[in-house]
Amino acid sequence: MIIHGKALLWDRIENVYIKIDDGWITDISKQAPTGEVIEFDKPGMVILPGMIDLHVHMRDFEQSYKEDFYTGTLSAAAGGVCIVVDMPNTRPRNNRLEVLRRREAVASSKAIVDYGLYYGVPESLDELEGYEELAVGMKIYPQDYDNPHLSDILRYNANKNILTVVHPEDPSDMSRGVRSLSSEYKAISMFREKAVKLGLRLHLTHLTSVNSIFLAQTGESNVTTDTCPHYLLLNSDQHKGIYYKVHPPLRPKDIQESLLENIKQCPLDAISTDHAPHTIDEKMGHDGKGGFPGLETALPILMTLYRRALLTLWDVARLYSYKPAAILGLDDILGTIEPGKLANLVVYDMDGEYPVDPSGFKTKAKHSPFDGMKVVGRVYCTIVRGRFVYIDGEAHVKNGYGVNIKNLLGARPKPVSTGD
Ligand code: NCD
Ligand code: ZN
């Protein structure tokens, strides 16, 4: 297969032919090679590396009514996301080896894009050994901070070089339900210190302020960070009500604006969505659920920030594809468009502006804090390992096309064809 169009090659846009064989990019050339060409060289269209979302909740199991691996990965494909990494706060919780194996079975039978799985902090150390065979990492929630085995578990992860992702909100600092920035700072400092001591690969997710991002830095690459589109664009002064409720909460306007203004300059590694679907009923009321879907709005929002000159195209690809690939240890086969890498691509059509319309979402959660916000362009199609999984609103592969990214970790780039 050969596709032609304006593609982002590292930080440059070039008009090229991308040759794809068996799922791998085997050649990139300015001249048309022989063979049938799929044409994307149209005004406004740009070919980007497929996005990688380090923080999503695919739900499924007993919460399939909120989302399942089919609707969740279809939502990803519709958002130009080729890899999702799934959180373990499932029902039942994904912190036992038997549940992890069941999760893999469900994911592999339903997913249409590739996926990674995080494992939860197990209650017993008997449930620790070997989890890394199916999971790319472990997720630590505030409720796990006082787990009596936490030190042993972190040591295990450090020794095996397993990625450890932390939701940083210190519960001891969250009195009477107030989730303040100081509880975020406290948790960041505590885990950063542990990571330095143990040599742990630590990823601090959904940071809500510039200070948090600077605080997380160690000067080494073993501690990485992400923030989410909602912390960049929404704030607690202007955006109130059930559709904006999320953990950690939106911050005041000055904190939010400074995050947006500094997004390029601050040492942020990644953007994730924290795609956390709930039904509208579940969000209602005073004790309604925190979280909302994000997979179908993240890339359009980032492309809107590109149009507003707040980000370059490379910033978009770096934060939502290249660095996430590196954090997962997959950057030699993913994250950029070049020969020797897997053909995970998204064709984005920059033409036009569209209001976000949750009623048309692929996710089961038909609501969004970005409802009605105008975004630039839309995802035209998404390619995973050389296959069109999504074109113009429709899925083009069967459930179960997606594979666990653990299976990609061993895959080595094919020898690059010399072209003839
Ligand atoms: C998360 C969810 O719904 O799973 N919600 C959220 O607001 N991010 C859980 C959580 O992290 O509290
Ligand atoms: Zn989450």
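One-based numbering, in listed order, for ligands and for the atoms of each.
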Ligand 1-proximal atoms of Asp274, by part, heavy-atom distance under 4.0 Å
side chain
Using heavy atoms and a threshold below 4.0 Å, how should the contact between His167 and ligand 1 be classified: side chain, backbone, both, or neither?
side chain
Nearest heavy atoms of Ile271 and Pro229, plus distance in Å
CG2-CD, 3.9 Å
Is the charged tip of [X] near the ring of [Y]: under 6.0 Å from the six-membered ring centre and within 45° of its axis?
{"X": "Arg59", "Y": "Phe69", "result": "no"}
{"X": "Arg102", "Y": "Phe61", "result": "yes"}
{"X": "Lys139", "Y": "Tyr141", "result": "yes"}

May I ask you to identify the nearest protein heavy atom to [atom], giving residue, atom name and distance to one decimal place in Å?
{"atom": "atom 7 (O) of ligand 1", "result": "His247 N, 2.9 Å"}
{"atom": "atom 5 (N) of ligand 1", "result": "Gly290 O, 3.2 Å"}
{"atom": "atom 9 (C) of ligand 1", "result": "Asn89 ND2, 3.7 Å"}

Any heavy atom of [X] closer to ligand 1 than 4.0 angstrom?
{"X": "Arg59", "answer": "yes"}
{"X": "His57", "answer": "yes"}
{"X": "His278", "answer": "yes"}

Does a sphere of radius 6.0 Å around CD in Glu338 hold more than 12 heavy atoms from other residues, nucleotides or ligands, not counting ones at 6.0 Å or beyond?
yes
For Tyr306, look at atom OH and say whether over 12 heavy atoms of other residues, nucleotides or ligands are found less than 6.0 Å away.
no
Would you mind telling me which of Thr71, Thr73, Leu74 makes a side chain to side chain contact (heavy atoms under 4.5 Å, CB included) with Lys362?
Leu74
Ignoring angles and geometry beyond distance, decide whether Val246 reaches within less than 3.5 Å of ligand 1 through its nitrogen or oxygen atoms.
no
Taking atom types as modelled and ignoring hydrogens, do the side chains of [X] and [Y] form a donor-acceptor contact shorter than 3.5 angstrom?
{"X": "His203", "Y": "Asp269", "result": "no"}
{"X": "Thr90", "Y": "Gln63", "result": "no"}
{"X": "Tyr70", "Y": "Asp60", "result": "no"}
{"X": "Asp170", "Y": "Ser183", "result": "no"}

Can you name the atoms of ligand 1, numbered from 1 with element, that are less than 4.0 Å from a heavy atom of Ala276?
2 (C), 3 (O)
Tell me how many protein N, O or S atoms are within a distance shorter than 2.8 Å of the Zn ion (ligand 2).
3
